[in-house]
Amino acid sequence: MIVNMSDKATEPEIAHVVERIREAGYQPHLTRGVERTIVAAVGNGRRHEIEALQAAPGVEKVVAIAQPFKLVSRQVRPERSVVNLGGVAIGGPGVVVIAGPCSVESREQLFSTAQAVKRAGATMLRGGAYKPRTSPYDFQGLGLEALKILSQVRETSGLPVVTEIMSTEDVDMICEHADMLQVGARNMQNFALLRRLATVNKPVLLKRGPSATVKEWLLAAEYLLAGGNNQVVLCERGIKTFETEMRNTFDLAAVALARDLSHLPVIADPSHGTGKPSLIAAVSRAAVAVGADGLIIEVHPCPERALSDGAQSLDFAGFERVMKALMEPLREVAGAPSWAEVTVAQA
Ligand code: PEP
Ligand code: MN
């Protein structure tokens with residue numbers, strides 16, 4: 001249930017509603033919008049007591065939250081959330097590009113990649129230290145050594161870094177070295193990990209599971225918000241379908257849908273989403289066109305020598321071409337008025 005306070009509600013009136021929600025057996029969650037305050041009653045309590053708050057002073061309307069994901073829902077927070085880290089704002093007016101290798105392999109590899117992607121316009125660096133590999137015989141990541149390299153390169157390049165976390169045991173160590181923690185697709189429903197990450201003071205990049213519905217993805221995000229961490233960025237990275245020509249099927253509409261249903265920023269991963277360097281420019285442009293707040297792209301100094309995901313990684317020149325393609329205006333619809341005319345007509 002949510003209690004929409006009137007735009008004239010006083011602080012004592014808001015505090016009273018918060019108290020009554022607690023008394024009714026729910027957890028109160030306050031969202032202070034530009035115009036009004038919304039108090040959500042989350043959990044399992046006595047619903048009729050919340051409905052009765054319709055009569056409390058300062059209350060405009062008590063309504064049910066339509067979706068099972070409560071705190072993630074735009075009903076609770078109509079304004080879009082912005083996640084800030086190291087001077088980068090994800091969910092603001094600009095599109096944030098995160099780039100870097102699938103795995104951190106050496107200081108030289110990460111250092112040269114950071115320089116190249118920064119020059120091309122990326123504002124964040126990615127690099128895996130702990131890798132979720134399908135086969136136990138594949139490269140598993142350099143672990144702590146990679147985290148130290150990430151820290152060093154973060155210092156020299158000034159780019160905030162994101163790296164994947166696979167286990168609750170690694171939380172403290174990774175928090176020491178990274179600006180953002182990635183929950184990979186395979187761990188989207190690792191509830192113990194989500195519960196632990198809900199308690200850290202670091203943003204979380206939550207990838208959609210390869211077989212997860214949008215509802216399951218948003219419910220996974222709900223674990224983080226319900227536990228107290230609202231610095232969450234969603235990432236669409238492709239799902240499993242009957243298609244075999246691409247590594248995954250990038251679910252473009254899910255980017256738009258997640259932004260429709262939720263106030264959280266949503267970014268797109270065209271690298272894992274397609275598995276094909278040749279499709280990254282097109283899918284990146286499409287994702288931005290449907291509203292993506294950012295992109296995460298795999299870049300390697302020499303993809304053919306990469307220890308993981310070389311086949312889908314761009315080299316430096318390829319990444320630069322993708323960045324240039326992103327800056328190009330979208331094609332106009334044949335016969336339609338130009339954007340300038342549309343803007344003037346609406347003014
Ligand atoms: C990755 O980012 O390298 C990765 C393993 O991603 P995903 O969890 O989406 O497969
Ligand atoms: Mn990868």
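When reading the values below, keep in mind they use all heavy atoms of this one structure, side chains included, and skip hydrogens, waters and symmetry mates. First listed ligand is number 1; within each ligand, the first listed atom is number 1. In this chain, residues are counted from 1 in sequence order.
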Report yes or no: do Gln312 and His272 form a side-chain donor-acceptor pair below 3.5 Å?
-> yes
Should Arg36 and Glu60 count as an ion pair when the cut-off is N to O under 4.0 Å?
-> yes
Atom CG of Leu206 and atom CG of Leu218: how far apart are they, to the nearest 0.5 Å?
-> 9.0 Å
Would you please write out the protein residues whose heavy atoms approach any atom of ligand 1 to under 4.0 angstrom, listed by chain and number?
-> Cys102, Arg126, Lys131, Pro132, Glu164, Gln182, Gly184, Ala185, Arg186, Lys207, Arg237, His272, Glu298
So the angle subtended at the Mn ion (ligand 2) by His272 atom NE2 and Cys102 atom SG, rounded to 10 degrees, is 180°
The Mn ion (ligand 2) to Asp309: nearest N/O/S atom name = OD2
Short question: side chain of Asp293, backbone of Val266 - any donor-acceptor pair under 3.5 Å?
-> yes
Closest to the Mn ion (ligand 2), among the N/O/S atoms of Glu298, is atom OE2
Shared hydrophobic cluster, Ile90 / Leu205 (ILVMFWY, side-chain heavy atoms < 4.5 Å) = yes
Please check if any side-chain donor atom of Ser262 sits under 3.5 Å from a side-chain acceptor atom of Arg259, or the reverse.
-> no
Ignoring hydrogens and angles, tell me if any N or O in the side chain of Thr156 forms a donor-acceptor pair with the backbone of Gln152 under 3.5 Å.
-> yes
